Amino acid sequence: MSTTVHADLYTHTATHVATGMLRGLRQIIRDTGLNLALFDGQWEVLERGTAAWLRSGHLTSLVLEVYDPGRPVGADLVDRFDFEIDYAYDNGDDGDLWLDGDAVGYAIRKKGSIPAWCTYRVVAQRTPGAPAVEGWASTTLRSTDGFTRRSTGTALGGGNIGANLSYYTRNT
Amino acid sequence: MSTEAVSVVARRISAVPARTSSEAWHAIVELVSEPGSAARADLTSITSIAAILISEEYTREAPIVVMPATGPRIRIHTVHGMDSIDHLSEETPLYGARLAEPGWQVSLPCGTADLTAITADLAGIPAVTVRDTGEGFAAQPQPVVPAVAGSPVIDLAEMRRT
């Protein structure tokens, strides 16, 4: 039945994008010198939430927030990387699933290494009504005052879901 | 030609996007272990780490090698992309050859970029090791298991050829 096929394709696309975004965040953490074990140990929880909220259409962005625990709260943001979801994505490629590893590599090269004492967290921004997922808790993102957001373009996609990767630079 | 009398069972498991990488690992754990067993608990405890290896498609390039204390070795590859969707209905269960007894080992393939980090992640589970995708699996010494009449004899040297 065509409705079932459509639903399956959407679910598969959401799964592809969810896993692809987490691979991208992991690459950023690894290649900027942050502690990878923290992320690796949470992979299942991160993937469960990201996939669930993409499938339900509630996920608006997946954010890697890097901060300096030695600085006062409110002034501790060091770096930030966002995957922003586009649910109206259409690149005319007949639903192919793709991932551009160079887009992630470009963002890493622009940022360089991050001081070893910094830590990070992953935050999922969602629209109201998102289903609860075990292992996730509510929070508020740190202020990006004093930073400028820069986009690298769509980093991965398929079907009608795309994910645009952005990074932040501190204003001088 | 040198041969070793080791029987091998091969399976392919659908991964991303038919399943998330974590769901794919759970499917593998259910394939090779008995419900409630110590093996299932140990393998479930490393879901995040194993799922990362699946998400990076290292397990497409090289097999997960499961070696029960007795019985044939199990080689598991994951299937990715649109092929994973087609393969989902073609997965075959194991008939016996599961990790029912202590003494089993599992070897996970890993790319060079992740080898150090993943090895450290798995340090607490000695039965599970990680190897470079380009390397074969050298099992720890195990009791010799007599070959059963009719078991296939695999030329391992031939299998390792690329």
Side-chain angles (χ1 to χ4, degrees), chain A residues 4-5 7-31 33-55 93-99 101 104-105 108 122 133-135 156-159 161, chain B residues 13-30 41-61 78-89 108 110-125 128 130:
Chain A
T4 305
V5 171
D8 285 350
L9 284 174
Y10 182 84
T11 300
H12 295 144
T13 300
T15 302
H16 163 77
V17 173
T19 303
M21 289 193 299
L22 290 173
R23 285 180 64 187
L25 293 185
R26 187 174 184 276
Q27 184 182 344
I28 292 168
I29 292 164
R30 183 188 65 201
D31 294 350
L34 290 165
N35 177 11
L36 197 53
L38 177 64
F39 187 86
D40 285 357
Q42 295 294 313
W43 178 275
E44 184 180 16
V45 171
L46 294 169
E47 189 176 46
R48 186 190 307 137
T50 305
W53 295 320
L54 269 173
R55 290 168 181 171
D93 61 3
D94 202 25
D96 283 351
L97 307 176
W98 62 275
L99 185 151
V104 177
I108 294 169
V122 176
V133 174
E134 186 183 347
L156 70 158
I161 305 177
Chain B
I13 293 292
S14 290
V16 181
R19 297 181 172 106
T20 66
S21 60
S22 302
E23 289 166 348
W25 177 249
H26 285 299
I28 291 167
V29 172
E30 288 172 15
D42 284 348
L43 294 175
T44 300
S45 74
I46 62 160
T47 295
S48 288
I49 308 307
I52 288 167
L53 302 178
I54 293 170
S55 78
E56 294 291 346
E57 303 190 16
Y58 299 138
T59 50
R60 178 181 60 80
E61 299 170 34
T78 53
V79 183
H80 297 256
M82 302 309 281
D83 289 346
S84 72
I85 300 164
D86 296 335
H87 181 72
L88 204 52
S89 60
L108 302 170
C110 181
T112 305
D114 289 313
L115 200 53
T116 302
I118 296 295
T119 300
D121 289 341
L122 290 172
I125 311 285
V128 181
V130 62

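Bear in mind that the values here come from a model prediction, so they are computed numbers and not experimental data. In the text below, chain A, chain B and the rest are named by the order of the sequence lines, each starting its count at 1.
Of all the heavy atoms in A:H12 and B:P17, the pair that sits closest is O-CB, 3.1 Å. Across B:S48 and A:G41, no two heavy atoms sit closer than the pair OG-O, 3.5 Å.
In terms of heavy-atom pairs under 4.5 Å with chain A, the best-connected choice from B:A120, B:S84, B:A113 is B:A113.
Put simply, the side chain of A:R30 never gets that close to the backbone of B:D114: no donor and acceptor are under 3.5 Å apart.
Heavy atoms closer than 4.5 Å to chain B are found nowhere in A:R48, neither backbone nor side chain. Interface remark: A:A37 contributes backbone and side-chain atoms alike to the contact with chain B (heavy atom separation under 4.5 Å). Heavy atoms closer than 4.5 Å to chain A are found in the side chain of B:I118, but not in its backbone.
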Pairs of donor and acceptor atoms involving the side chains of residues 22-30 of chain B, under 3.5 Å and at least two apart or interchain, shall be tabulated with distances.
{"from": "B:S22", "atom 1": "OG", "to": "A:E47", "atom 2": "OE1", "distance (Å)": "2.6"}
{"from": "B:E23", "atom 1": "OE1", "to": "B:T20", "atom 2": "N", "distance (Å)": "2.9"}
{"from": "B:E23", "atom 1": "OE1", "to": "B:T20", "atom 2": "OG1", "distance (Å)": "3.4"}
{"from": "B:W25", "atom 1": "NE1", "to": "B:L43", "atom 2": "O", "distance (Å)": "2.9"}
{"from": "B:H26", "atom 1": "NE2", "to": "A:E44", "atom 2": "OE2", "distance (Å)": "2.7"}

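Side chain to side chain, A:W43 and B:S21 meet the donor-acceptor criterion of an N or O pair below 3.5 Å.
B:E56 contributes atom CD, which lies 10.5 Å from atom OG1 of A:T19 (distance to the nearest 0.5 angstrom).
Side-chain atoms of B:I52 and A:L22, non-hydrogen and from C-beta on, never get closer than 4.5 Å to each other.
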